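Please read the structure below before turning to the comments.
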Protein chains: 4
Amino acid sequence: MRQRDDNKRLALLEATLELVTEQGFSATSVAMIARRAGVSPGTVYIYHADKDALLIATFLDVCDRLIDTAIEQVDSRLGLREQLRRVWVALFEVAVESPRLFRFHDMFSHSAWMTDELTQRNDQRLAPLLDAVAEGQRQGVIKSVELSLLEAFLFRPIHHLVQSRGCHPFSPSRANIDMAFAMAWDAVALDHRASSPESTP
Amino acid sequence: MRQRDDNKRLALLEATLELVTEQGFSATSVAMIARRAGVSPGTVYIYHADKDALLIATFLDVCDRLIDTAIEQVDSRLGLREQLRRVWVALFEVAVESPRLFRFHDMFSHSAWMTDELTQRNDQRLAPLLDAVAEGQRQGVIKSVELSLLEAFLFRPIHHLVQSRGCHPFSPSRANIDMAFAMAWDAVALDHRASSPESTP
Amino acid sequence: MRQRDDNKRLALLEATLELVTEQGFSATSVAMIARRAGVSPGTVYIYHADKDALLIATFLDVCDRLIDTAIEQVDSRLGLREQLRRVWVALFEVAVESPRLFRFHDMFSHSAWMTDELTQRNDQRLAPLLDAVAEGQRQGVIKSVELSLLEAFLFRPIHHLVQSRGCHPFSPSRANIDMAFAMAWDAVALDHRASSPESTP
Amino acid sequence: MRQRDDNKRLALLEATLELVTEQGFSATSVAMIARRAGVSPGTVYIYHADKDALLIATFLDVCDRLIDTAIEQVDSRLGLREQLRRVWVALFEVAVESPRLFRFHDMFSHSAWMTDELTQRNDQRLAPLLDAVAEGQRQGVIKSVELSLLEAFLFRPIHHLVQSRGCHPFSPSRANIDMAFAMAWDAVALDHRASSPESTP
DNA sequence: GATGAATGAGTGTTCATTCAT
DNA sequence: CATGAATGAACACTCATTCAT
């Protein structure tokens, strides 16, 4: 009896990540994924029920890697602004190192495979960060607006900047990232003069 | 490929828009699009070179409808803030009326079909708006940062808010849209005290 | 616009008949059937929803050919015995000419594809013959027993004799067929001395 | 391929019998059979060379159970008619108790796996019964016709009646079985008046 | 121009079989 | 002996595309 091989499992997720970000969902066949992962097409179906399940598993893996990166920076002993700044920096570092993570996340979350169920699962894993933000709202540090608005100005910009290609590139230098975060903070902070003086020189 | 019947041309674009937003790119076959448009599969190839060309044509059509909506609001006699506010409101009205336009735009622009060439084309058509923004930078009204940063806080949020489904919905009431725009303006404006006093009560 | 080609339709049924009787259901692939019929695999799916539908269509075609052969011999001006004898002879002639018809019929009707719905359809088409038999029961010419018993002795023997291969072959000479029918008649007839004197010399 | 565990061997035959009669040959996979039998797919290949061998072994097992049932009733001290009547009754009792045996037998013997070799093997095991019949022919009790004809009227009807489903069911009451056998006897017996007076009232 | 039957390469998936454990 | 993960050839079926009508 052979044991289920964790290397194969990971190789399948990695191959899916690579091929989908290179060619798109429909242009990536199961056979291509299997070859890239160094396994037989049939083996894919030992680890995943079907192609959809493989794509979803890859998405969840990608989400976990991004969410873990963000959550690691949450430290309630620090101020909210500092915590969020660290999250931004950490995510940009991941983006530079593994640009495919953000690319896959964006492709999948704008595809027909995305469901509310998946969104909820990710929100649960993001709870520490969302809690810190909610606490900030309670303390009057940031605006008391719908979560969708905070997402739009606090988290989505990361995806946009990280993906920006060709025409309007974003160069992720430390200074640029700091400026980007300052803008995000200006958008959501209640009192700009006190909390982000450096953004209004 | 020189067409006669403009009704057929438009029916094909509309059918593509509907089916792709309902089922996704790979689940939408040329035969389905043809049936929905009330033509034969062969007819699709009179109007478009292949399936990719049909998808791109639909994307361009969608972009034009959105860009036209935005550009119509540009009026150099108004202040930049007011111009941008009008763009936001107009786009949200479109989103409420034809949610498919934004959905298709986002699906396509995060897919493997998206190219820099298409981005450039759209930027050219957006020139009046981008020029107004550049002028605002020159006059010290908004921050002098890379275009990608302005996009991230001035235009992307519209897409995010308009698409937000299920868990964290954004209710596009007039007050909510105004608040959302105020946050965008806070992010990009140089001097918050003067330009958006209502956002820092 | 090309018209649906009846030659192709018939070629598919014939190819299915041939290959299934040669190799069995599971060993016969759609691709093999298509090649034998001189069409592309995809064409099969223009004429039939799936492989099951093709097999069922072939079965119905085979049934119709056998049923028509039998029904043609029904002539209410003749005595029941003579009518049935003609049915037997006609079916044996078909069996000699196209042995595949009976082979396919037997393979299919003993397979997992067989349904009561199909049995009923065939019974409806066999109505004239079944009516003649019922009339014979009413007139006291044949035994008043369940239909399944009449089938077992009046019709099934044809299938058995026609299929008998290898070890215990049945040579379908005129004399043999007459003897076989005489035995069937002896089984079902009410009064043997009058109706089939030649079988009890 | 030398087995140890007779429970596993029998469980495999039983699982095959069940699954094939429920789903058909092609819909029944080796993995399904193994699961039903409570063993691993690999184990199947310790007891049988391949899937075909497993199906054939199941067929032979089924045949033996049916043939043994028939042979047990052969008793040369009784008249041929009585011996055959007992065979009929015994087989119908088996059919009521284990309908799968006849179903599998019929499915297999009408499939592409059936060979003359298998028929011969069964005929050898049936020798006592066939001998009794031959003796009956020699003594002028039954008609001196080809074996295929005797099969068609003496043995096949059992299969037909036992399988008859849905539309034209055969209810295997004692009276019905006796009537059925009487018809079979009428078909093959030389002199009806003497041997089966009850069938010609 | 318009049709839709026809194509055939390509897809996702299954499954009989093998073999390392 | 027994296992079940792994294989890869084969399968049923789809679909973008072509072309005779």
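None of the values given here were measured: they were computed from a predicted structure. Computed over heavy atoms, backbone and side chain alike; hydrogens, waters and symmetry mates excluded. Reminder, nothing fancy here: chain letters follow the sequence lines and each chain counts from 1.
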Taking atom C1' of F:dT17 as reference, at what distance in whole Å does atom CD1 of B:I33 sit? 14 Å

Round to the nearest Å and state the distance from D:M32 atom CE to F:dG4 atom P. 18 Å

In whole angstroms, how far is the P atom of F:dA2 from the CZ atom of D:R9? 13 Å

In this structure, how many angstroms lie between the C1' atom of F:dA2 and the CZ atom of D:R35, rounded? 17 Å

Would you mind reading off the distance between D:L12 atom CG and F:dA2 atom C1', rounded to a whole angstrom? 12 Å

Any idea how A:F59 and A:F108 line up, ring-wise: parallel (<30°), tilted (30 to 60°), or perpendicular (>60°)? parallel

pair D:L118-D:W113: side-chain heavy atoms closer than 4.5 Å: no

So, with a heavy-atom separation below 4.0 Å from DNA chain E, the residues of residues 14-31 of chain B are none

Taking only Lys NZ, Arg NE, NH1 and NH2, and the carboxylate oxygens of Asp or Glu, determine whether A:R65 and A:D68 approach each other closer than 4.0 Å. no

With a 4.0 Å heavy-atom cut-off, tell me which residues in residues 40-52 of chain C come close to DNA chain E, sorted by residue number. C:S40, C:G42, C:T43, C:I46, C:Y47

Paired with A:R100, the side-chain hydrogen bond (donor to acceptor under 3.5 Å, both in side chains) test is passed by just one of A:E14, A:E22, A:E18, namely A:E22

Euclidean distance, atom CG of residue C:N7 to atom C1' of E:dA6 [Å, nearest integer]: 15 Å

Consecutive-pair stems (at least three Watson-Crick or G-U pairs, under 3.5 Å) that include DNA chain F: E:2-21 with F:2-21

Keeping C:R4 on the side-chain end and C:I46 on the backbone end, is there a donor-acceptor pair under 3.5 Å? yes

Can you confirm whether A:T16 sits close enough to A:T28 that some side-chain heavy atom of one is under 4.5 Å from a side-chain heavy atom of the other? no

How close do A:M107 and B:A112 get, heavy atom to heavy atom, and via which atoms? CE-N, 4.2 Å

Residue closer to the 5' end of DNA chain E, B:V39 versus C:G38 (nearest nucleotide): B:V39

For a 4.5 angstrom cut-off between non-hydrogen side-chain atoms, does D:H48 reach D:L55? no

Are more than 12 heavy atoms, taken from residues, nucleotides or ligands other than D:R35, located less than 6.0 Å from that residue's CZ atom? no

Determine the interplanar angle of the C:F104 and C:F25 rings, folded into 0 to 90°, and report it as parallel if under 30°, tilted if 30 to 60°, perpendicular if over 60°. perpendicular

Determine the minimum heavy-atom distance between A:T43 and A:K8, stating which atoms define it. CG2-CD, 4.2 Å

